[in-house]
Amino acid sequence: MSAVGMELRAPPQIRPAVGTRLMAGPGQATGYERIDDHHRRLGPRPAGGKTLFEVLAQSGLRGRGGAWFSTWRKWAAVGRSSDGHSVVVINASEGEPLSSKDRTLLMLRPHLVLDGAVLAADTLGADDIVLYLSKGSKATEQAVQGALKERGRAGLPEPQIRIVRTAHRYIAGESSAAANRISGGPSKPKFSLQRSAEKGVDDRPTLVQNAETLAHVAMIARYGSDWFRRLGTQSSPGTTLMTLSGNVRKPGVYEVDLGARLGNVLEAAGGTVTPAEGALLGGYFGTWLPATLLHDLPLDVDQLRSAHGASLGCGVLAVLPQGGCAVVEAARIFSYLAAENAGQCGPCVNGLAAIAEAMNRIAVSDSVPSDLDRVQRWIGMVRGRGACHHPDGAVGLLSSALTLYSDHARQHASGQRCYGATVAGFPRPPGPGTEWR
Amino acid sequence: MNSDPRHRLRVNPILCTGFGYCAEIVPELISLDDWGFPIVNPRPFDEDKLLHLAERAVATCPRLALLLEEVAPEAG
């Protein structure tokens with residue numbers, strides 16, 4: 001284990017996009033889009049302010065960091081508390097191992113993301129803009145440093161954007177963890193009766209916004225809300241970036257129309273290599289889906305939630321190969337998540353460890369049937385009892401697998417051998433980190 | 001319809017290290033999980049007796065991890 005925490009694998013090769021808005025423009029070969037090309041292609045950054053705020057509200061843009069929360073509402077919360085000294089944080093820490101959309105976006109279109117952050121600062125009365133980046137991706141940092149130098153040389157009328165790096169940890173991207181780190185502490189969540197919008201970095205009102213969301217803001221500011229709503233659905237307008245991995249022919253980052261079906265996205269990725277056994281949607285805090293649902297699954301956020309209890313999360317889809325086992329993969333992911341706790345809250349530290357230990361026995365069919373009951377009991381015991389949603393996300397992922405594959409889980413628990421563990425093709429979790437700064 | 005101010009207990013899970021005094025003082029609202037950490041019933045209450053016990057539990061916590069919050073009274 002390296003002293004700076006885990007190294008990231010090189011991002012998957014960027015493929016042509018399904019929708020082309022954020023990804024329109026030069027491809028990967030030329031590196032990041034330079035500022036002159038960016039301005040030639042898209043025009044200069046418009047002004048922020050009240051007009052942009054209204055356009056944002058009309059656009060219906062929802063955050064792309066995983067929660068899909070209304071962006072203008074988030075801005076309104078910060079704006080209410082702001083007194084000219086609020087902070088805009090571009091959240092590009094991307095701790096989700098299955099996701100590479102944010103660093104891909106920053107490596108290709110840094111000026112789009114940075115424009116969005118400046119627009120937010122303009123609108124909210126922020127005088128400090130921080131790019132929050134994980135230490136794991138040197139290529140991303142190089143691209144951003146280059147882009148920042150260009151903006152400096154161009155003398156753009158904006159606050160200087162600074163970079164704060166953090167260890168590559170799963171929960172480092174949580175809002176209060178980001179604010180904690182940027183304030184000089186570890187990237188661990190805090191317990192507070194106030195949200196980051198009111199008291200964030202250095203106790204100032206803080207907007208913590210996903211990098212991709214800010215890129216969409218930069219486009220909406222130029223082309224308007226009607227343009228944005230031409231793609232997507234009423235409740236989930238626009239396009240979004242998805243990271244596809246596992247049992248797909250062309251893994252990578254795709255820009256997709258939120259009005260499409262998941263089958264369209266899989267098609268763009270060349271389809272599956274072997275018949276899919278199922279898939280994980282949303283990332284490590286996501287939901288397991290049966291293979292039968294994949295073709296017609298809507299991407300609309302509200303439909304996903306109401307019809308399937310699922311979420312796109314940060315746009316991750318990992319497909320299980322034929323013969324793969326979701327119980328085994330869920331146990332592996334859960335062990336990683338258990339090890340990634342911040343060590344702050346008793347129910348999380350103890351609960352996730354206890355569940356992981358039993359699940360690892362179940363996964364290798366070396367358990368007793370009551371181990372499954374133990375796991376269910378502890379899942380219920382742990383929910384909602386941490387300072388952040390880490391334990392909830394972890395047990396949610398596990399619970400989803402144990403519900404969808406309940407018969408198979410019972411087979412595991414009664415000692416029946418399963419060879420799913422030997423089937424390759426589903427991404428393995430990385431080793432857990434050790435640092436918090 | 002009761003228009004007395006209501007309260008509820010909350011625990012700061014970061015400060016809490018599982019002493020467990022709270023569960024002994026007000027078992028009506030707090031029980032302990034399998035690892036000795038408090039499971040706090042979040043329901044707002046207005047009974048005087050509960051308020052008295054809740055205040056004692058808050059004062060007794062060695063880690064100052066227990067909080068008593070005032071909640072808007074029930075609407076008519």
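Proteins get letters first, then strands, A, B, ... in listed order; numbering begins at 1 in each.
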Spell out the residues in residues 57-65 of chain B that have some non-hydrogen atom less than 4.5 Å away from a non-hydrogen atom of chain A, in order of number; otherwise answer 'none'. none
Taking salt bridge (charged side-chain N to carboxylate O under 4.0 Å, His left out) as the test, write out the residues that go with A/R169, two or more places apart. A/E340
Under 3.5 Å, sequence neighbours excluded: what are the donor-acceptor pairs made by side chains of residues 379-388 of chain A?
from   : atom 1 : to     : atom 2 : distance (Å)
A/R385 : NH1    : A/M381 : O      : 3.0
A/R385 : NH1    : B/D33  : OD2    : 2.8
A/R385 : NH2    : B/D33  : OD2    : 3.0
A/R385 : NH2    : B/F37  : O      : 3.3
A/R385 : NH2    : B/P38  : O      : 2.8

Chain B interface, residue from A/G343, A/G351, A/C348, A/A354 that has the most non-hydrogen pairs under 4.5 Å: A/G351
Can you tell which part of A/K188 gets under 4.5 Å to a heavy atom of chain B, answering side chain, backbone, both or neither? neither
Can you tell which part of B/V40 gets under 4.5 Å to a heavy atom of chain A, answering side chain, backbone, both or neither? neither
Heavy atoms from other residues, nucleotides or ligands near CZ of A/R361 exceed 12 (cutoff 6.0 Å): yes
Quick check for you: among B/I39, B/L15, B/V11, which has the greatest number of heavy-atom pairs under 4.5 Å with chain A? B/I39
For the NE2 atom on A/H408, are there more than 12 heavy atoms of other groups (residues, nucleotides or ligands in this structure) within a distance under 6.0 Å? yes
First locate atom CG of B/N12, then atom OG of A/S192, and finally report the distance between them rounded to the nearest 0.5 Å. 9.5 Å
Report yes if some heavy atom in the side chain of A/F191 is under 4.5 Å from a heavy atom in the side chain of B/L67; otherwise report no. yes
Applying salt bridge (charged side-chain N to carboxylate O under 4.0 Å, His left out), name anything that partners B/D34, two or more places apart in sequence or on another chain. A/R377
